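Heads up: the structure comes next, in structure tokens.
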Protein chains: 2
Amino acid sequence: MSDQLFARLRDQILTGEIAAGDPLPSERDLAADYGVNRHAVREAVKRLQQCRLIEVFHGGRTRALDWRRTAGLDLVVDVPGTLDAVSVPGVVHDALEMRACIGADAARLSALRASEDQRAAIVAAAAAYAEVGEDLEELSVADVAWWRLIIEGCGNLAYLLSFNSLVDGAITMEQASPELRSAELLDLDAHRELADRIARQDAAAAEQLARELLNRSVARADG
Amino acid sequence: MSDQLFARLRDQILTGEIAAGDPLPSERDLAADYGVNRHAVREAVKRLQQCRLIEVFHGGRTRALDWRRTAGLDLVVDVPGTLDAVSVPGVVHDALEMRACIGADAARLSALRASEDQRAAIVAAAAAYAEVGEDLEELSVADVAWWRLIIEGCGNLAYLLSFNSLVDGAITMEQASPELRSAELLDLDAHRELADRIARQDAAAAEQLARELLNRSVARADG
DNA sequence: GGCAAGAGCTGGTCCAAACAGTTGACCAGT
DNA sequence: ACTGGTCAACTGTTTGGACCAGCTCTTGCC
């Protein structure tokens, strides 16, 4: 119940139907309008508040914020397609572009900082990647796990959390039509080569190849 | 009430006091233990769920997730110091490093994509920056607004939302001790030069200078 | 006209109850 | 001894109503 109300209000704010600064209906009105209990409304409102989509004033009215200035990256995490189709066109391209930016720097830093065990794990994962087969669904999962190793290797928590947001959210759309990624996913040589460059601690070369790999998805999303 | 309970449970999960897979106490028990109403507990639980720190099963027990694999970037947005001091040391360094990564690429893309108006706004902001004075608090605010213009110029929503998360969260810690940043904030020439490179649409040069500027904060956080 | 008391909104908290799904123990059969 | 179903005791979900606390605008007095 509260989930549906949350999604509905969120979309109204994201689309501008409720503009920044506008007051939301009171909790009692929302409960009456949507035929739910006020406690369900409060749960939805709390979540909107945590997304920094609204501002709540005790005694006053709850108002929509300018989400472009306040909301965080977790906004893109949701039912695949909702944001891109309904509210914010182009968010998939943006998420892929950001993944490329983060992933390339993570590859660089991983080459510099990853422990011996972590580098070995990356090499092993690249080798195991060839065993996955050609099922694109499984390849996608393996691909995400592979990048996660690289990002964990660089030891930056912010990169890791961003990756979670991007993978759980918009990028899952891409998994829904994985044929778009088949070329990238099947490029076993590139995976092995990137693992090798990280293992050799050649930061610049690792960054370059990672960027090249990830930018393919961006280009594919554009075309 | 629910905010306090949320923060408490969140810290217990982040510190590992409640490990991944462990069940949380039932809502009724939590309400009794902390002396609050069950609805307050439910609001806190809903927020934890949205942060992807827990998984809720109707009829079953609520369990903690492995937040390193599921949580999003918005986790770093909180009362300044909580995460770094209590739960996750080093998150400020990580956030600054990520800001450098994002900011540099945004500067590059801004040089490529920003409209004429946006480029003019960036140049104007760089000029106006000199008028702010030497109050470090105000300079910090102006600095954030300045980078926001660049990130808006690149037109990537994911970058913008990430910037919001980073600025609202961990980086506000830095503002608490702005003397650390004074050298960077007072570097008017670098600001003007970066604006100029974006205005000239010299993407590579803009990226390089932006990275140089932002990496100073990272280096300062390290030292 | 200016100011203060109050009514009528807003969100914040609480109690109590019924609903719905899961789990596990228990007992009747094979 | 094992299998199968039943039931009671959990879990989260939703509802209703009541009251407190803070803001705002109206009202009415000075």
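Predicted, not measured: the structure shown is a model, and the values here were computed from it. Residue numbers start from 1 in every chain, and the chains themselves are labelled A, B, ... in the order their sequence lines are given, proteins ahead of strands.
Distance B:Gln49 CD to D:dG12 P: 11 Å, rounded to the nearest Å. Here C:dG8 presents its C1' atom at 14 Å from CG of A:Asp29, a figure rounded to the nearest Å. To the nearest angstrom, P of D:dG17 lies 17 Å from CG of B:Asn37. Between the CD atom of A:Glu55 and the C1' atom of C:dG11 there is a distance of 14 Å, given to the nearest Å. For the pair A:Arg28 CZ and C:dT13 C1', the computed distance is 12 Å after rounding to whole Å. Taking atom CG of residue A:Leu5 and atom P of nucleotide D:dT13, one finds them 16 Å apart after rounding to whole Å. Atom CD of B:Gln4 is separated from atom C1' of C:dG12 by 13 Å (rounded to the nearest Å). For the pair A:Leu24 CG and C:dG11 P, the interatomic distance rounds to 9 Å; values are reported in whole Å.
Sparse packing is recorded around CZ of A:Arg69, with 12 or fewer heavy atoms of other residues, nucleotides or ligands lying under 6.0 Å away.
Residue B:Glu27 is in base contact, counting any heavy-atom pair closer than 4.0 Å across all strands shown. Using a 4.0 Å heavy-atom cutoff across all strands shown, A:Ser2 reaches no nucleic acid atom at all.
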side-chain hydrogen bond (donor to acceptor under 3.5 Å, both in side chains) evaluation trace for B:Ser165 with B:Asp74: CA-CA 6 Å; B:Ser165 291; B:Asp74 283 353; 2.4 Å; yes

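Proximity note for B:Arg61 (side chain, C-beta onward) versus C:dG12, D:dT14, D:dT11: the nearest is D:dT11. In this structure, of C:dG11, D:dT11, C:dC15, it is C:dG11 that holds the atom nearest to the side chain of A:Val56.
Within 3.5 Å, no donor on the side chain of A:His39 pairs with an acceptor on the base of D:dT13, nor the reverse. Evaluation of atom-type donor-acceptor distances gives a pair under 3.5 Å for the side chain of A:Arg38 against the base of C:dG12. Residue side chain A:Arg42 does not reach the base of C:dG11 through any donor-acceptor N/O pair under 3.5 Å, judged by distance alone.
For the residue pair A:Asn156 and A:Arg113, no side-chain donor N or O sits within less than 3.5 Å of a side-chain acceptor on the partner. Checking B:Asp94 against A:Tyr159 by side-chain atom types alone, no donor-acceptor pair falls below 3.5 Å. Using a 3.5 Å distance cut-off with no hydrogens or angles, the side chains of A:Ser217 and A:Arg99 do pair a donor with an acceptor.
Checking the phosphate oxygens (OP1, OP2) of D:dT11, no side-chain nitrogen or oxygen of B:Thr62 falls inside 4.0 Å.
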With sugar-phosphate taken as primed atoms, P, OP1 and OP2 and all else as base, the protein-contact string of nucleotides 20-26 of chain C at under 4.0 Å (heavy atoms; B, S, -) is BBS----

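When each of B:Arg42, B:Lys46, B:His39 is paired with A:Glu43, the side-chain hydrogen bond (donor to acceptor under 3.5 Å, both in side chains) condition holds for B:Arg42 and for no other.
A donor-acceptor pair under 3.5 Å links the side-chain atoms of B:Arg63 to the main chain of B:Gly21, judged by distance alone.
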